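First the proteins, then the strands, lettered A, B, ... as listed; each starts at 1. These numbers were taken from a predicted model, which means no experiment stands behind them.
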Protein chains: 2
Amino acid sequence: MVSKACTLAPNVLSAQCPTRQALDLIADKWTTLLIYLLSKGKQRYGDLHRQVGGISQKMLTQTLRKLERDGLVTRHVYPEVPPRTEYELTKLGHTLIGPLGALCEWAGAHLAELEQARKRYDHLQKKPSLSA
Amino acid sequence: MVSKACTLAPNVLSAQCPTRQALDLIADKWTTLLIYLLSKGKQRYGDLHRQVGGISQKMLTQTLRKLERDGLVTRHVYPEVPPRTEYELTKLGHTLIGPLGALCEWAGAHLAELEQARKRYDHLQKKPSLSA
DNA sequence: CTGCATCCTAGATGATACTG
DNA sequence: CAGTATCATCTAGGATGCAG
């Protein structure tokens with residue numbers, strides 16, 4: 001097994017590296033969104049569903065369950081008549097906000113460059129008839 | 001919190017938010033690996049292929065192209081007889097190492113907790129027959 | 001050596017219907 | 001309300017073969 005620290009990993013090549021696992025954790029479409037929403041406090045299933053909008057019940061439940069499994073969020077079901085379930089970020093979950101925030105900041109700071117690069121790249125690709 | 005854009009996004013709900021784009025950028029299996037490898041300096045196609053190991057030519061090329069398109073790496077093709085192509089991280093590419101590193105550090109610091117939580121979760125799930 | 005095109009499978013995701 | 005179950009689909013990714 002892998003030991004520990006790594007800037008980006010000593011042997012990222014193996015799927016065992018924490019980096020890989022961390023990435024797999026937030027790699028999907030919804031995890032980040034949910035963590036973001038929950039970073040503002042506990043919320044009910046329906047609230048999350050409504051806020052995310054495009055998500056299907058299936059993915060919402062699935063993602064929430066994964067987060068719960070990973071100890072990132074807690075799921076509190078109230079044995080009431082009209083079912084009520086509240087999801088809340090755990091302490092561990094909150095620690096993820098930092099790294100995720102760093103990534104977000106990076107994105108915000110370089111979005112323009114990315115779009116520019118992309119635009120330029122696509123532009124060059126469309127110009128194979130300049131002198132060739 | 002973060003200055004302008006978003007802590008994790010103002011409207012992450014829309015695929016337009018930088019967060020989503022940032023995530024999409026590194027969400028796939030190989031991007032991170034490649035950035036990691038290239039963070040050590042320029043390398044040839046074959047070298048990368050050999051180092052990553054499990055990657056297929058298709059994904060290697062595809063990922064490399066995406067990185068190039070996003071301005072994260074440069075692709076230098078030498079018009080020699082035995083084709084030689086060197087990939088190198090751009091300045092922008094280097095800036096990604098930080099955020100990625102933060103995520104990696106997080107992973108390294110909390111991997112144990114994650115596994116523990118996961119184990120506990122699975123354990124509980126397998127115990128529906130405790131008193132029933 | 002570097003890279004592209006094609007075929008094919010598995011998993012991810014969405015839509016819908018049903019239940020406690 | 002909060003899920004679960006199922007079906008259909010879409011696409012990422014791997015394998016292979018060909019080309020400059």
Side-chain angles (χ1 to χ4, degrees), chain A residues 13-15 20-21 23-34 37-38 42-70 73-88 121 124-126 128 132, chain B residues 12-15 20-21 23-34 37-38 42-70 73-88 121 124-125 128 132:
Chain A
L13 313 185
S14 79
R20 288 244 56 80
Q21 292 190 37
L23 258 5
D24 289 348
L25 214 59
I26 64 166
D28 62 283
K29 242 175 175 174
W30 313 110
T31 302
T32 317
L33 291 302
L34 261 6
L37 289 175
L38 290 173
K42 69 174 59 172
Q43 296 201 56
R44 297 180 56 170
Y45 182 91
D47 293 326
L48 293 171
H49 194 187
R50 225 165 300 116
Q51 292 178 75
V52 178
I55 198 172
S56 61
Q57 293 188 315
K58 179 182 176 180
M59 289 318 294
L60 178 54
T61 299
Q62 185 177 306
T63 307
L64 245 17
R65 284 295 150 70
K66 199 181 72 175
L67 287 172
E68 186 192 1
R69 189 179 122 105
D70 290 329
V73 309
T74 56
R75 175 164 174 263
H76 192 143
V77 182
Y78 293 85
E80 305 175 345
V81 182
R84 178 158 60 102
T85 307
E86 293 188 333
Y87 291 90
E88 182 171 21
Y121 183 84
L124 291 177
Q125 297 308 305
K126 279 196 172 182
Chain B
V12 210
L13 313 184
S14 80
R20 287 244 56 79
Q21 291 189 40
L23 259 5
D24 288 350
L25 211 62
I26 65 165
D28 62 283
K29 243 175 178 174
W30 314 110
T31 301
T32 317
L33 291 301
L34 260 7
L37 290 175
L38 290 173
K42 68 173 62 172
Q43 297 200 53
R44 298 181 54 173
Y45 181 90
D47 292 327
L48 293 171
H49 195 188
R50 225 166 300 115
Q51 291 178 76
V52 178
I55 199 173
S56 62
Q57 292 188 314
K58 178 182 178 180
M59 288 319 294
L60 178 55
T61 299
Q62 185 175 305
T63 306
L64 246 16
R65 282 298 148 70
K66 200 181 68 175
L67 287 172
E68 185 193 1
R69 188 178 123 105
D70 291 329
V73 309
T74 56
R75 174 165 174 262
H76 192 143
V77 182
Y78 293 85
E80 306 175 346
V81 183
R84 177 158 60 104
T85 308
E86 292 188 333
Y87 291 91
E88 182 171 22
Y121 184 85
L124 292 177
Q125 296 309 304

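- Of all heavy-atom pairs spanning A:V73 and A:L64, the tightest one is CG2-O, 3.9 Å.
- The two residues A:T31 and A:L25 have their closest heavy-atom pair at CG2-O, 3.4 Å.
- Applying the ring-ring contact (aromatic ring centres under 6.0 Å, His included) test to B:H49 and every residue at least two apart in sequence or in another chain returns nothing.
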Handout entry: Sugar-phosphate or base contact per nucleotide [nucleotides 5-10 of chain D; S, B, -; heavy atom under 4.0 Å]
Key = -BB---
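- Distance, A:D47 CG to D:dA2 P: 7 Å, rounded to whole Å.
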Exercise for the section: Determine, stepwise, if the pair A:Y87 / A:L67 fulfils side-chain contact (heavy atoms from CB on, under 4.5 Å). Expected result: CA-CA 10 Å; A:Y87 291 90; A:L67 287 172; over 6 Å; no
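- Put simply, CG on A:L48 and CG on A:L37 are 6.0 Å apart, with the number rounded to the nearest 0.5 Å.
- Between the C1' atom of D:dG3 and the CD atom of A:E68 lies a distance of 13 Å, rounded to the nearest Å.
- Applying the salt bridge (Lys or Arg N to Asp or Glu O under 4.0 Å) rule to A:R44 yields no partners; only residues at least two apart in sequence or on another chain are considered.
- Applying the salt bridge (charged side-chain N to carboxylate O under 4.0 Å, His left out) test to residues at least two apart or on different chains, the pairs with a partner in residues 45-57 of chain A are A:D47-A:R50.
- Across all their heavy atoms, A:D28 and A:D24 have their closest contact at OD1-O, 4.3 Å.
- In terms of heavy atoms, A:R69 sits closest to B:Y121 at CG-CD2, 3.4 Å.
- Nucleotide D:dG3 holds its P atom 12 Å from the NE2 atom of A:H76, rounded to whole Å.
- For the pair B:W30 CH2 and D:dG14 C1', the interatomic distance rounds to 10 Å; values are reported in whole Å.
- Note that the two end axes of the helix from C:dC1-D:dG20 to C:dG20-D:dC1 enclose an angle of 40°, each drawn from 5 base pairs, rounded to 10 degrees.
- Atom CD1 of B:I55 is separated from atom C1' of D:dA12 by 13 Å (rounded to the nearest Å).
- Taking atom OH of B:Y45 as the reference point, atom P of D:dG20 lies 17 Å away to the nearest angstrom.
- Atom CZ of residue B:R84 and atom OH of residue B:Y78 lie 5.0 Å apart, to the nearest 0.5 angstrom.
- Both A:P83 and A:R65 sit near DNA chain D, but only A:P83 has its closest nucleotide nearer the 5' end.
- Distances from the side chain of A:Y87 to the nucleotides D:dG3, D:dG14, D:dG20 place D:dG3 closest.
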Problem - Intermediate values then yes/no, side-chain contact (heavy atoms from CB on, under 4.5 Å), A:Q51 and A:Q43 - result: CA-CA 10 Å; A:Q51 292 178 75; A:Q43 296 201 56; 2.3 Å; yes
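- When heavy atoms are screened at a 4.0 angstrom cut-off, A:R75 is found touching the sugar-phosphate backbone but no base atom.
- If you walk DNA chain C from 5' to 3' and mark each nucleotide with an atom closer than 4.0 Å to a heavy atom of chain A, the marks span C:dT13 to C:dG20.
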